[in-house]
Amino acid sequence: MVFSSAVFLFFFLPLTIILYYVCPVKGRNVVLLAASLFFYAWGEPVYIFIMLFSTVFDYINGRILEVCKKLWKRRLVLIISIVGNLSILFFFKYRDFFCEGLNSLFGTDIGIWDLALPIGISFYTFQTMSYTIDVYRKKVEAQKNILNFAVYVCLFPQLIAGPIVRYRTIHRELGSRKHSFLMCYHGLQRFIIGLGKKVIFANTIGALWEEIRDSAGTSDMSVVMAWLGAICFTLQIYFDFSGYSDMAIGLGRMFGFHFPENFKYPYESRSITEFWRRWHISMGTWFRDYLYIPLGGNRCKLPRQLINLGIVWFLTGLWHGASWNYVLWGMYYLLLLLIEKLFLLRLLKKIPGWIRHVYSIFFIVIGWVIFACEDLSVLWTYIKSMFGVGVPLTSSMGTYDIVSYGVILLIMCVGATSLFWRVKRYLHAKKAAHTLMAVFTVAILFLVLPMLIRESYNPFLYFRF
């Protein structure tokens, strides 16, 4: 079940909200947990037991860490938790990938099982790991109520595609949270805006990207068309993932939770370093706090810092998928960040902001092409097309696509900036924001609903992670 589906919008969500608010306060977590398990079981009826196992496993680990006093015992429990979680993740997400690699390298014949990937396993695995690590570090107390902990792990708004919500962010709200009509209204508004970003923009431009990508290596491809496709995916993944995050944050507000922001207008960045402070913030801070800093972070000498960054970015790429293009994508950003860290950032500060912005967008767009093409031969063909190797500058199909999609591309480029937020802040100062936002939200809803009814192309890119 996806947020942008008729089943979710017209049946699941209204019924869950009604049951939640008519239920006594003490029973609301029961409603949320039951709804979340049903939500997950709708698409993954078998794999729900893996999520429940992770929940019980780390609940027990947290309780043991709470009562253990000896350091070696606490470390042992933490190691068991981390190894257990990563083993499950490896088995379902990476086993076949590594077996294929071993077969290719050594000529072995290890069986490929082709297991379906449990939806959202990377997200909820990282959440439960952060919980046990924080309990070990004594940054939070272990949750004694298994129902509350199960709600934290299984909560449907952020269950399958983030943001990665840390236990310490919402641990107080798990036991007692405030509700108000205004908070619910703002949550609904945020949800509808995210739904619009997903359905109106990401779906529309995503279909064009797939059409262009499938043209790689054919006579229809040109330099202009290749760059158009790359820009389409750059915009699609932003509006798809930030739209999902908006919907998750909005749904959280409707049930009394405050989830962290996950995007901060990343395409306004003027360096690659800045981009990664603005993009998928919950993932970036997770790797920083639970991997980079424990490895030594910036406290080490430069050679060790470079090794630490290499480990982080190799695993960041691999986290996104069991495919070599994701590893290559991680190494691509590692190289760019190392260049900036060693000398380029100092040079960038001396040049005009718009040039720094063009530099950042250029490399971000190329990075998304690496991310999008899992077949390395298609990736290589596409990259060559972007730089004019074996293809003409333009083609009739490329010109047609620009004319057909030019307006929506322009709107999306503007929509990916902070202009909307700045206009909203200005209107708020003029006391006109509430009325106009209400009208704007209703307009989005009226545009979205007919598109959902007739639209067959409706993927969520981050579901597979």
Side-chain angles (χ1 to χ4, degrees), residues 44 46-47 49-51 53-54 57 75-76 78-126 128-129 133 213-214 216-217 283 286-287 290-292 294-296 300 303-339 366-385 389 461-465:
E44 299 281 5
V46 176
Y47 286 159
F49 295 105
I50 299 168
M51 184 176 65
F53 172 80
S54 295
F57 178 64
R75 285 179 176 171
L76 179 61
L78 179 64
I79 290 170
I80 290 171
S81 173
I82 292 173
V83 171
N85 280 293
L86 292 181
S87 296
I88 294 171
L89 184 63
F90 176 87
F91 180 80
F92 284 98
K93 191 169 183 176
Y94 302 107
R95 180 199 175 275
D96 285 357
F97 175 67
F98 277 91
C99 287
E100 287 174 353
L102 290 173
N103 290 342
S104 298
L105 284 173
F106 303 109
T108 55
D109 190 25
I110 303 172
I112 304 301
W113 294 352
D114 198 23
L115 295 171
L117 179 66
I119 295 174
I121 189 171
S122 298
F123 289 93
Y124 67 73
T125 299
F126 270 33
T128 59
M129 284 173 60
I133 294 170
R213 182 190 59 192
D214 292 343
M283 181 201 69
W286 196 99
F287 275 103
Y290 298 109
L291 185 59
Y292 183 65
L295 286 171
C300 310
R304 179 63 192 184
Q305 287 183 39
L306 302 183
I307 293 172
N308 293 344
L309 283 171
I311 294 170
V312 168
W313 279 98
F314 173 79
L315 293 176
T316 298
L318 200 60
W319 179 85
H320 282 84
S323 177
W324 285 111
N325 71 301
Y326 296 119
V327 176
L328 180 61
W329 177 77
M331 295 300 96
Y332 169 83
Y333 272 111
L334 170 65
L335 178 62
L336 292 176
L337 291 167
L338 288 180
I339 292 171
I366 293 175
W368 285 132
V369 173
I370 298 172
F371 187 92
C373 298
E374 292 190 9
D375 187 322
L376 294 184
S377 62
V378 172
L379 170 61
W380 178 237
T381 301
Y382 200 98
I383 292 290
K384 288 194 297 183
S385 298
V389 178
L461 297 181
Y462 266 72
F463 273 13
R464 58 187 172 181
F465 308 130

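These numbers were taken from a predicted model, which means no experiment stands behind them.
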Does anything in residues 100-111 pair up under side-chain hydrogen bond (donor to acceptor under 3.5 Å, both in side chains), and if so which pairs, sequence neighbours excluded? Asn103-Thr108
Quick one: closest heavy-atom pair of Pro118 and Phe92, and the distance?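 Nearest pair, atom of Pro118 first, then Phe92: CD-CB, 3.7 Å.
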Using 0.5 Å steps for rounding, measure from the [atom1] atom of [X] to the [atom2] atom of [Y].
X      : Y      : atom1 : atom2 : result
Ser385 : Trp380 : OG    : CH2   : 10.5 Å
Trp313 : Tyr292 : CH2   : OH    : 12.0 Å
Ser54  : Ile88  : OG    : CD1   : 4.0 Å

Could you check if a side-chain atom of Tyr47 sits within less than 4.5 angstrom of a side-chain atom of Ile121, using non-hydrogen atoms only?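 No, every pair of side-chain atoms sits at 4.5 Å or beyond.
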Ile80 and Phe57, any side-chain heavy atoms less than 4.5 Å apart: yes
Out of the candidates Tyr333, Tyr332, Tyr326, only one should pair with Trp329 under the ring-ring contact (aromatic ring centres under 6.0 Å, His included) rule; please name it.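 Filter result, single survivor: Tyr333.
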Among Leu337, Leu338, Ile339, the one residue meeting side chain to side chain contact (heavy atoms under 4.5 Å, CB included) with Leu335: Ile339
Assess whether side chain to side chain contact (heavy atoms under 4.5 Å, CB included) is satisfied between Arg304 and Leu295, documenting all intermediate values. CA-CA 9 Å; Arg304 179 63 192 184; Leu295 286 171; 4.1 Å; yes
Return the orientation label for the His320 and Phe371 ring planes: parallel under 30°, perpendicular over 60°, tilted otherwise.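 Answer is perpendicular, since the angle exceeds 60°.
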Could you check whether any side-chain N or O of Asn85 sits under 3.5 Å from a backbone N or O of Thr125, counting only pairs where one atom can act as donor and the other as acceptor? no
